[in-house]
Amino acid sequence: MRYSRMLLPTLKEVPSDADVISQKLMMRAGMIRKVAAGIYNLLPLGLRVVNKVEQIVRTEMNRAGAQEVLMPMVVPAELWQESHRWDEYGKELLRIRDRHNRDFCLGPTHEEVITDMVRREVRSYRELPLNLYQIQTKFRDEIRPRFGLMRGREFMMKDAYSFHATDESAEAEYRNMFDTYTRIFERCSLQFRAVEADTGSIGGRFSHEFHVLADSGEDAIASCDACDYAANLERAELKDPGFAPAGPKAVEKVSTPGKKSVEEVSAFLGVPQSSLIKTLIYETDRGAVAVCVRGDFEINEVKLKRELKAQFVRLADDDAVRKATGAPVGFAGPVRIKAPVYADFSVKGIPSGVTGANEADTHLMNVSPSRDFNATYLDLRNAVAGDECPRCSGRLVIKRGIEVGHIFKLGTKYSEAMGATFLDPEGRERPLIMGCYGIGIGRTAAASIEQNHDEFGIIWPSPLSPFDCEVVPVNVKDEGTVKVAEEIYSKLTARGVDALLDDRDERAGVKFKDADLIGIPVRVTIGERNLKQGMVEIKERRSGEVRLVKVEEAVEELEKAIKK
RNA sequence: CGGGGCGUAGCGCAGCCUGGUAGCGCACCUGCUUUGGGAGCAGGGUGUCGGAGGUUCGAAUCCUCUCGCCCCGACCA
């Protein structure tokens, strides 16, 4: 490709609405342009990268035995009504009407469509298992799209769905996909971690997320420094440390006028925050409950909801708190409270704590969980760095991650709702057992930039690079330079190397800056100065390493550098 | 949904408070010089000041409505 003919509008200045590195660099490198909130044009350079990711995903999926299909982006409401998600999914589902006033939606995911496809075609266990995938544009009307391709409303996704006659088969495919995803992200040269995840509203019993580690990630991940345990912070399990022995002193009421927050009470009474028993009132579909946690920890509402088997949990408002505790907000405690008490394991470790007295402006001191109140103890808090690993004796570290892949075991949620059944060997009709497996294509490309850049621009790992090599003639007005550059370029092209020839009539500095910005891993510079010695210069983007090679050996040397 | 902010040339922004010829830098076009890390000089403005309505002799500027975008939070997964 000749630069002079390519739509590759690089920017010196950063557009004001970009706020993560990958978005800034994708804009500056002329890869993407915004069309509307969370909706982007992919320019030629951007599409090349997305195509690279796509191709890696496609070949690995095919190798894993999955088959590619393509489903419509516009989906009739009936299918979503059958699964009940038309009502459950919320505003992220963009609903549209056709000219006959019939309801449709833009597919944010395709469980319904694929289940419909398979129930029409599959009758017998002999046709199973089946893994079908597509690489397609999705639309989710996100509340707050941001970070460029990382959280767009319209985005490219690979979504795969598998169908099985038995649990064992479904689990084997889950492992197959786990391994496939590992290969895919390894091939993309990403630093990533597979983590245990919450299954969310899609349902199912277990799932893993694949996270690219990056400070700009939207998710917090807890991982063990000793074993390979890793989990989304929402889910990271914590051990039960057992009760600390009760302190010697008896419970004592103290006046704490106006001191409501953990900080205030801790400062007022001169006790560490870790000695406080923080008590929050939650409303659930099964009534108000009191939830306790050590003062310096946070309650994890995902865990709470799961442990209580509740449909919803939400922090109670002032009135509800008053009703549950008999006191204004800020003075709730587990001792003699009307609501059922659920306490995090961390509370057990407090020998002699401070907590609200369920009375205005009053707290209790010397409260011992083992002695002074009854509670149901559960794992209810967010893990913090330094917590003990639930699987070994290692310590947890908290990192940030970008979720690029997610695998679920779905079970029969959709097949039952939609009547997708098969006949087993005994001739019984049974619902198909399903799995689903997604990869964010654009997000993977963006995540790669988050991990591979420097102050000058992008540094593509070669598997994702839009070109294998960039050929830079320093001065296109010099005939000798142009002749050698053209020769190298056409030889590379003939050998199947995807090269970009910067044949623009620009100053050297401009070309170098652009080359660094768009980040092709290998660059060859042809200039009059070195040409006099019969040499050209090869530069590696990542290391910055520069070396001179003979013109005749340039193509061979470049191929070596590219393969490395 | 709550709070805050922004909308002026392709991009980044000033001008608005205190109404009176629409500006700066970059980009772009022309010419000359320059030519290995975002060149210099000279010339050129490419604009529905987001849109609509209002106040006024006169509105980018003041008022009302509206659309779009961004940030923080909540929500959702």
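Given the structure is predicted, the values throughout are model-derived calculations rather than measurements. We name chains A, B, ... by the order of the sequence lines, and we start the count at 1 in each one.
Base pairing of B/C62: its partner is B/G54, meeting the Watson-Crick or G-U wobble criterion (both donor-acceptor distances under 3.5 Å). When Watson-Crick and G-U wobble pairs are counted only if both distances are under 3.5 Å, B/C41 pairs with B/G31. As the counterpart of B/C69, B/G5 is assigned, both hydrogen-bonding distances of the Watson-Crick or G-U wobble pattern falling under 3.5 Å. Taking a pair to require two hydrogen-bonding distances under 3.5 Å in either a Watson-Crick or a G-U wobble arrangement, B/C75 remains unpaired. Figure legend. B/C26 is base-paired to B/G10; pairs are counted as Watson-Crick or G-U wobble with both atom distances under 3.5 Å.
Note on A/Glu142: nothing from the nucleic acid sits closer than 4.0 angstrom, heavy atoms only. No engagement by A/Val472 is indicated, since no non-hydrogen atom pair under 4.0 Å with the nucleic acid exists. Heavy atoms of A/Arg504 sit nowhere under 4.0 angstrom from any nucleic acid atom. Using a 4.0 Å heavy-atom distance criterion, A/Asp478 is classed as making no nucleic acid contact.
Distances from the side chain of A/Lys513 to the nucleotides B/C75, B/G36, B/G37 place B/G37 closest. Of the candidates B/G36, B/U35, B/A74, B/G36 carries the atom nearest the A/Val474 side chain, counting heavy atoms from C-beta on. When distances are taken from the side chain of A/Ala36 to each of B/U34, B/C69, B/G36, the shortest belongs to B/C69. Picking from B/C1, B/G37, B/G36 the nucleotide with the shortest atom distance to the side chain of A/Glu537 gives B/G36. In the set B/G37, B/A74, B/U34, the nucleotide with an atom closest to the side chain of A/Asp516 is B/G37. Distances from the side chain of A/Glu13 to the nucleotides B/A27, B/G36, B/G12 place B/G12 closest. With B/C69, B/G38, B/G37 as the candidates, the nucleotide lying closest to the side chain of A/Ala37 is B/C69. Side-chain proximity of A/Thr10 to B/G36, B/A74, B/G38: nearest is B/G38.
Taking atom CZ of residue A/Arg523 and atom P of nucleotide B/G36, one finds them 13 Å apart after rounding to whole Å. Nucleotide B/G36 holds its C1' atom 14 Å from the CD atom of A/Gln533, rounded to whole Å. The separation between A/Arg146 atom CZ and B/G73 atom P is 7 Å, rounded to whole Å. For A/Ile39 and B/G68, the CD1 to P distance is 12 Å, given to the nearest whole Å. The distance from atom NZ of A/Lys413 to atom P of B/A77 is 10 Å, rounded to the nearest whole Å. Summarising the geometry, the separation between CD on A/Glu283 and P on B/C75 is reported as 14 Å, rounded to the nearest angstrom. Taking atom CG of residue A/Asp141 and atom P of nucleotide B/A77, one finds them 15 Å apart after rounding to whole Å. To the nearest angstrom, C1' of B/C28 lies 14 Å from CG of A/Leu11.
Sequence order on RNA chain B of the closest nucleotides to A/Lys91 and A/Arg507 puts A/Lys91 first from the 5' end. Both A/Lys34 and A/Lys511 lie near RNA chain B, and the one whose nearest nucleotide falls closer to the 5' end is A/Lys511.
Comparing B/C63 with B/C16, their P atoms are spaced 14 Å from each other, to the whole Å. Spacing of P atoms, B/C67 relative to B/A22, comes out at 30 Å, to the nearest Å. B/G47 and B/U21 have their C1' atoms separated by 15 Å, given to the nearest Å. When the P atom is used for both B/G43 and B/C24, the distance is 13 Å, rounded to whole Å. Taking the C1' atom of each, B/G37 and B/C29 are spaced 26 Å apart, rounded to whole Å. Comparing the same atom, P, in B/A60 and in B/G19 gives a spacing of 14 Å after rounding to whole Å. When the P atom is compared between B/G10 and B/G53, the two are found 24 Å apart, to the nearest whole Å. On the C1' atoms, B/C70 is 39 Å away from B/U30, given to the nearest whole Å.
For B/G37, its base sits under 3.5 Å from the side chain of A/Lys539 at one donor and acceptor pair at least. Scanning atom types as modelled, one donor and one acceptor separated by under 3.5 angstrom connect the side chain of A/Asp514 and the base of B/G38. Residue side chain A/Arg28 does not reach the base of B/G12 through any donor-acceptor N/O pair under 3.5 Å, judged by distance alone.
For the OP1/OP2 pair of B/G12 and a distance below 4.0 Å, the side-chain nitrogens and oxygens of A/Lys12 include no atom meeting the criterion. Remark: A/Ser16 is in phosphate contact with B/C13, judged by side-chain N or O atoms under 4.0 Å from OP1 or OP2.
Taking OG from A/Ser4 and CG from A/Asp502, the interatomic distance works out to 8.5 Å, rounded to the nearest 0.5 Å.
Salt-bridge formation is not detected for the pair A/Lys91/A/Asp141: no Lys NZ or Arg NE/NH1/NH2 atom is positioned less than 4.0 Å from an Asp or Glu carboxylate oxygen. Taking a cutoff of 4.0 Å between a charged side-chain nitrogen and a carboxylate oxygen, A/Arg97 and A/Asp103 qualify as a salt bridge. Checked for salt-bridge contact, A/Arg2 and A/Glu486 meet the test: a charged N lies under 4.0 Å from a carboxylate O. Using a 4.0 Å cut-off between a side-chain N of Lys or Arg and a carboxylate O of Asp or Glu, A/Lys303 and A/Asp379 qualify as a salt bridge.
Counting only N and O atoms by type, the side chains of A/Tyr414 and A/Arg85 include a donor and acceptor under 3.5 Å apart. For the residue pair A/Tyr3 / A/Glu470, no side-chain donor-acceptor distance below 3.5 Å is found, with atom types taken as modelled.
When side chains are defined from C-beta on, A/Leu238 counts as touching A/Leu396, because their heavy atoms get closer than 4.5 Å.
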